[in-house]
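Some notes on the structure that comes next.
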Amino acid sequence: MSIIHALVLSRRPAAAFVVIGLFWGCFAAHVPVIKAQLGASDAVFGTVLLGSAAGLVSAMWLAPRVDRVLGGRGMQVGVVLLAFAWLFPAHITLPLAFAASMAFVGLASGLLDVVMNARVSELEAAHDTPLMNANHAMFSVAYAVAALTVGATREAGIAPALVFAGFGAFCLLLVPFMRMDVTVVAAEDGYAGRYPVWPIVLCGAIVLIAFMSEATVEAWSALHVERTLGGGAVEGALGPAMLGFTMAVGRFSGQVIVSRMDEARVVVIAALVSALGAVVVAVAPTPVVAYAGFAVLGLGISVIGPMGLALVGKLVVPHLRTEAISRTAVIGFSGFFMAPVLMGLVSQVMGLRVAFGGVALILMALVPLSVLVRRQPRNGTKAAAI
């Protein structure tokens with residue numbers, strides 16, 4: 001299936017991926033401004049970002065119930081909540097209040113995230129074709145476009161609150177387009193299978209590492225370029241923008257590759273590539289070299305998270321798919337708990353170079369995890385050896 005066909009088939013959830021990408025790209029490029037506004041050290045800023053992580057993980061547990069209640073309007077409600085939530089963080093100057101506002105952001109973002117991923121997984125099952133990478137690529141495209149836009153607005157001196165409000169108004173225009181009927185799958189009569197604990201745990205660990213790495217670059221790349229390497233506002237914004245664009249390229253490519261190669265094998269290759277990119281970022285002497293590192297890192301990690309979510313959707317029985325994706329996302333998004341705190345503490349003590357080097361080590365853990373996932377039964381058949 002071509003990339004265009006995949007996006008046409010999944011156009012409604014793809015629009016939701018665009019919405020989330022726009023807001024998080026906007027935030028990533030504003031990090032130096034927001035951090036200065038709060039007057040927070042690296043450690044404190046990393047800690048207050050736990051607010052969004054707490055909201056995200058809470059949303060993961062609530063999402064299956066909310067999805068059942070809202071049905072076809074789930075993505076629409078999620079977009080409205082997210083646009084409203086992002087109105088607050090840019091106004092706040094107190095760290096604790098900022099953490100609380102980010103918890104609301106995380107809750108709205110997490111609810112929308114689970115629902116849109118579940119819709120993509122349902123479409124994959126209904127049409128027997130991979131769609132996850134193409135949809136996650138739309139997040140990356142939107143993320144990069146937002147980051148570049150913010151680079152321009154920062155140079156023009158436009159307040160972050162106005163920029164977030166502008167993105168919110170645009171996203172609300174997409175709401176009518178995102179109603180999508182839900183495929184309700186009942187358990188088979190007499191189903192007595194075990195709850196799929198291991199597929200959820202293993203795929204969740206893969207998504208965890210991918211999101212930890214992605215969150216680290218999203219939140220700290222602009223600061224690394226501006227503070228460690230002496231770049232300006234536009235140069236700083238190019239850090240997350242470079243990540244977004246290369247992740248989009250990687251995910252669109254992954255949409256093609258996954259039809260020809262086993263997902264777990266692709267994860268192993270992606271882990272090695274992304275670890276190399278993190279090392280380049282860590283040792284970069286200039287912003288240009290750092291951009292090259294962000295590009296390689298983005299290409300590598302781009303496919304890992306989507307493939308982890310796609311894998312769990314294939315490893316479990318259909319009536320448990322939404323719940324399994326939600327639980328996998330709970331594990332994965334807990335990376336947003338770990339990444340800000342670890343990055344802030346390591347940066348405070350040893351600097352951002354060492355912190356990015358640590359990202360490379362974490363990414364290498366994906367290799368043994370991929371081997372274990374490939375040994376899990378899929379559709380009742382014996383898994384292949386890696």
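Source: prediction; values computed, not measured.
Note on Phe170 and Met75: same hydrophobic cluster, where clusters join Ile, Leu, Val, Met, Phe, Trp and Tyr whose side-chain heavy atoms are under 4.5 Å apart, directly or indirectly. Tracing side-chain contacts under 4.5 Å through hydrophobic residues (I, L, V, M, F, W, Y), one reaches Leu372 starting from Ile269; they form part of the same cluster. In the hydrophobic cluster analysis, where Ile, Leu, Val, Met, Phe, Trp and Tyr join through side-chain heavy atoms closer than 4.5 angstrom, Phe211 is grouped apart from Leu361. No path of Ile, Leu, Val, Met, Phe, Trp and Tyr side chains, each step under 4.5 Å between heavy atoms, connects Val79 with Val66, placing them in separate hydrophobic clusters. A single hydrophobic cluster is seen to contain both Val207 and Val201, as judged by linkage of ILVMFWY side chains at heavy-atom distances under 4.5 Å, directly or through other members.
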- Please lay out, stage by stage, how Met132 and Asn117 fare under the test side chain to side chain contact (heavy atoms under 4.5 Å, CB included). CA-CA 8 Å; Met132 198 67 77; Asn117 275 291; 3.3 Å; yes

- Task: Given side chain to side chain contact (heavy atoms under 4.5 Å, CB included), test Met247 with Glu214 step by step and report yes or no.
- Result: CA-CA 10 Å; Met247 287 184 69; Glu214 187 176 336; 3.5 Å; yes

- For Leu7 and Phe252, run side chain to side chain contact (heavy atoms under 4.5 Å, CB included): C-alpha distance rounded to whole Å, both residues' side-chain angles, the deciding distance at 0.1 Å, then the answer. CA-CA 10 Å; Leu7 290 174; Phe252 281 132; 4.0 Å; yes

- Task: Give the intermediate values and the outcome of side chain to side chain contact (heavy atoms under 4.5 Å, CB included) for residues Thr286 and Leu229.
- Result: CA-CA 6 Å; Thr286 64; Leu229 304 176; over 6 Å; no

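Of all non-hydrogen atoms in Ala248 and Val141, the two that sit nearest each other are CB-CG2, 3.4 Å. Leu123 approaches Pro13 most closely through the heavy-atom pair CD1-CG, 4.1 Å. Taking every heavy atom of both residues into account, Leu174 and Ala15 meet most closely at CD1-O, 4.5 Å. Between Glu235 and Pro287, the shortest heavy-atom distance links the atoms OE2-CG, 4.4 Å. Nearest heavy-atom pair, Met178 versus Val19, reported as atom, atom and distance to 0.1 Å: CE-CG2, 4.2 Å. Scanning both residues, Ser370 and Val267, for their nearest heavy atoms gives OG-CG1, 3.1 Å.
Under the side-chain hydrogen bond (donor to acceptor under 3.5 Å, both in side chains) criterion, the residue pairs touching residues 9-23 are Ser10-Asn135, with sequence neighbours excluded.
Taken to the nearest 0.5 Å, the CG atom of Leu70 stands 10.0 Å off from the CZ atom of Arg73. The distance from atom OG1 of Thr246 to atom CZ of Phe294, rounded to the nearest 0.5 Å, is 10.0 Å. Atoms CD1 and CD1, on Ile362 and Ile209 in that order, are 7.5 Å from each other to the nearest 0.5 Å. Interatomic distance, CG of Leu9 versus NE2 of His127, reported as 4.0 Å (0.5 Å rounding). The distance from atom CZ of Phe27 to atom CG of Leu22, rounded to the nearest 0.5 Å, is 15.5 Å. Of the inter-residue distances, the one linking Leu131 atom CG with His136 atom NE2 reads 11.0 Å to the nearest 0.5 angstrom.
In this structure, Phe17 and Val120 have side chains that are in contact, with non-hydrogen atoms separated by less than 4.5 Å. Counting heavy atoms from C-beta on, the side chains of Phe139 and Val18 never come closer than 4.5 Å.
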Could you give the side-chain donor-acceptor pairs of residues 150-169 under 3.5 Å, partners two or more places apart or in another chain?
| residue | atom | partner | partner atom | Å |
| --- | --- | --- | --- | --- |
| Thr153 | OG1 | Val150 | O | 2.9 |
| Arg154 | NH1 | Ala29 | O | 3.0 |
| Arg154 | NH1 | Glu226 | OE2 | 3.3 |

Solution key, residues 84-112 side-chain donor-acceptor pairs under 3.5 Å, sequence neighbours excluded:
| residue | atom | partner | partner atom | Å |
| --- | --- | --- | --- | --- |
| His91 | NE2 | Leu87 | O | 3.3 |
| Ser101 | OG | Phe98 | O | 2.7 |
| Ser109 | OG | Trp24 | NE1 | 3.1 |

Contacts under 3.5 angstrom, residues 272-281 side chains, donor-acceptor by atom type, not counting sequence neighbours:
| residue | atom | partner | partner atom | Å |
| --- | --- | --- | --- | --- |
| Ser274 | OG | Ala270 | O | 2.8 |
| Ser274 | OG | Ala271 | O | 3.1 |

Got a list of side-chain donor-acceptor pairs under 3.5 Å for residues 296-309, not counting sequence neighbours?
| residue | atom | partner | partner atom | Å |
| --- | --- | --- | --- | --- |
| Ser302 | OG | Gly298 | O | 3.4 |
| Ser302 | OG | Leu299 | O | 2.8 |

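A donor-acceptor contact shorter than 3.5 Å is absent between the side chain of Glu124 and the backbone of Pro130. A distance-only check finds no donor-acceptor pair linking the side chain of Lys35 to the backbone of Phe45 [under 3.5 Å]. With Arg251 contributing its side chain and Ala134 its backbone, the two residues share no donor-acceptor pair below 3.5 Å.
When hydrophobic residues (I, L, V, M, F, W, Y) are linked wherever their side-chain heavy atoms come within less than 4.5 Å, Val283 remains an isolated member.
When the shell of 6.0 Å around CG of Leu173 is examined, it contains more than 12 heavy atoms from other residues, nucleotides or ligands.
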